[in-house]
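Working notes for the structure below.
Below, chains carry the letters A, B, ... as their sequence lines are ordered, and counting in each starts from 1.
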Amino acid sequence: MNVLEQTEETLKQQIRDAVLRAGLASEEEIPEMVLEKPKDKRHGDFATNIAMQLARVAKKAPRQIAEELVNVFDRVKASVEKVEIAGPGFINFFMKEDFLGSIVPNILQEGEAYGRSRAGNNERVQVEFVSVNPTGDLHLGHARGAAFGDVLCNVFDAAGYRVEREYYINDAGNQIDNLALSIEARYLQALGQDVPMPEDGYFGEDITEIGKQLREEYGEQWVQKDREERLAFFKEYGLSYELGKIKEDLQAFKVHFDSWFSERSLYKENKIGETLEKIATYTYEKDGATWFRSTEFGDDKDRVLIKQDGTYTYLTPDIAYHKNKLDRGFDQIINVWGADHHGYIPRMRAAIQALGYPAEKFSVKIVQMVNLFADGEKVRMSKRTGKAVALRELIEEVGVDAVRYYFVMRSNDSQLDFDMDLARSESNDNPVFYVQYAHARICTMLKQAEGKGLSFDCDADVSLLTAEKETDLLKKLAAFPQVIADAARMQTPHKVTQYVFDLASLLHSFYNAEKVLDTDHLERTKARIALMQAVKITLANGLRVLGVTAPEKM
RNA sequence: GUCCCAGUAGCUCAGCUGGAUAGAGCAACAGCCUUCUAAGCUGUGGGUCGCAGGUUCGAAUCCUGCCUGGGACGCCA
């Protein structure tokens, strides 16, 4: 707990004591104390709405309650300078002047750890994301899921959760058979044969490339072979080719996984059979298929588990997979899915309940679609036509920093317009530059300070930081750990982009208003250097959570 | 028809576990570089928070209905 949080705790306690002393409510009647930090400075450093909340219990008007409370409030103990009652009954607290400055040495001491907290109580969280079928390139839509999932994990980590990142590899089933068929067609085409692609085949350029590669390596060798053998080989060849590319792309995007879970392993270890047995009471036979009575748990309709032809639907191994995840003892398992899969949620939740697990442990974050604009036109994204812009291409043209920042800038619930031309132009409309520039600016100042022999001094008198732009910065700096904790609790990583942007904005504003390096005011200069150091650390920590670099100069 | 997401400034979006005068970026307009990086700053204008009810001291926020846009409703994955 830092100095600021202690200040806040003490204040809450003093308010509680005052309520009791004034006889406004009993211990149990006091609602959970919420201290807000008013946006408007005229409303003080902290404000509480307790008087309004107590109106019913105390059977008095909020403003009267507030007055009685303020009369017995112990200002000295709470380090409060001034208390005001305002509006419908808000109580505004103005703290003694120097309480904010203490955050600076605090940040300097914590360094890279500033912003981290124990808010998550070491809860074990697993996030499964991306999990793209190894049948084509990662493209724009996947990139959003990748950025969102990765930053969400970073946020969890910083907020004191134990987090694991996992990728589920669909290396079994229909889509992989289809991959083999598509490769076969492209291979034969590469040899000049006029064969059609399978109707549900994969039309990406990567498949054509695989076909060519096979011709280079094996010539016509595979034409004569038994078809089953050929397809089996193409399947493995394609799988490792596609998976290799996915891994490369993710690495380039700075997204790393703790584990890669193979669907095949579920077959090998008979996990699917076990799972089916476990939910047997909720299954039945109809029309030659095996059904899961998911309607019992609120799903729209029952779902097929084993098809007429004896093979599993996609759902069946997926249930086994989720059982496996829950058996690993996570407190929470979170899936990041595209909006087109939202209809899948009720059946999976039903399956988890049928397995006897609490549904609350399972949740899905839906990431809405990305609309791509290029040459002023909306580009349709489709895996089938292979027209989508690949993540790799995007990174090359725009850069990892900008792509990551852009994709977590907005709520996952909102659709995202991604303008290729704008991103490609590297114009200053891109907010990531704005934030990075703030960091680089500070680095330059600190370097110059060093050159002038004004290197950072631990004994800086931070109580000198009382200019308006300075207190604005101090307040923002102090809020950082709570921002991270909130972003984790509410699973809203975009709050972090919002935060670094706001902090950068305050820094730029301060920079233009006040001079930092001023040999005529040595003490103030020292204090400001310390402040700059604190801002730099906080910006860098925020950017690190986003997976965006913090450049020393630009 | 059912379900999910969105609807807030000209545009793109924050704000949504109820709180004070609804915010930011871009665009528009007017200023600021002999001074630590002008990729920056300062100021101005711009709003029936989709519509209609309801809940209460108080609603952009919660509830109900409707409208509009996007998505999903396979023995595909």
Which nucleotide in B:A14, B:C41, B:A20 has an atom nearest any side-chain atom of A:Asn512 = B:C41
From the candidates B:A14, B:C13, B:G40, the one with an atom nearest any side-chain atom of A:Asp417 is B:C13
For [X], answer base if it contacts any base atom (sugar-phosphate contacts may also be present), sugar-phosphate if it contacts only those atoms, and nothing otherwise; contact means non-hydrogen atoms under 4.0 Å.
X	value
A:Asp309	nothing
A:Tyr344	base
A:Lys301	sugar-phosphate
A:Thr290	nothing
A:Ala513	nothing
A:Gln308	base

Between A:Tyr434 and A:Phe501, does the ring centre distance come in under 6.0 Å?
-> yes
Stacking here means centres under 5.5 Å and planes under 30°; does A:His43 stack on B:A20?
-> yes
Face-to-face stacking of A:Phe90 with B:A20, centres under 5.5 angstrom, angle under 30° | yes
Just by protein heavy atoms under 4.0 Å, how would nucleotides 56-64 of chain B read 5' to 3' in B, S and -?
-> -S-------
Rounding to a whole Å, what distance do you find between [X]:[atom1] and [N]:[atom2]?
X	N	atom1	atom2	result
A:Leu503	B:A24	CG	P	17 Å
A:Asp300	B:U2	CG	P	11 Å
A:Met445	B:G40	CE	P	15 Å
A:Met369	B:A72	CE	C1'	11 Å

Hey, which of these two, A:Lys515 or A:Leu416, hits RNA chain B nearer its 5' end, going by closest nucleotide?
-> A:Leu416
Could you walk me through whether A:Phe480 and A:Tyr499 pass the ring-ring contact (aromatic ring centres under 6.0 Å, His included) test, one step at a time?
-> CA-CA 8 Å; A:Phe480 185 54; A:Tyr499 177 83; 5.1 Å; yes
Could you work out the separation of B:U2 and B:U64 based on their P atoms and round it to a whole Å?
-> 14 Å
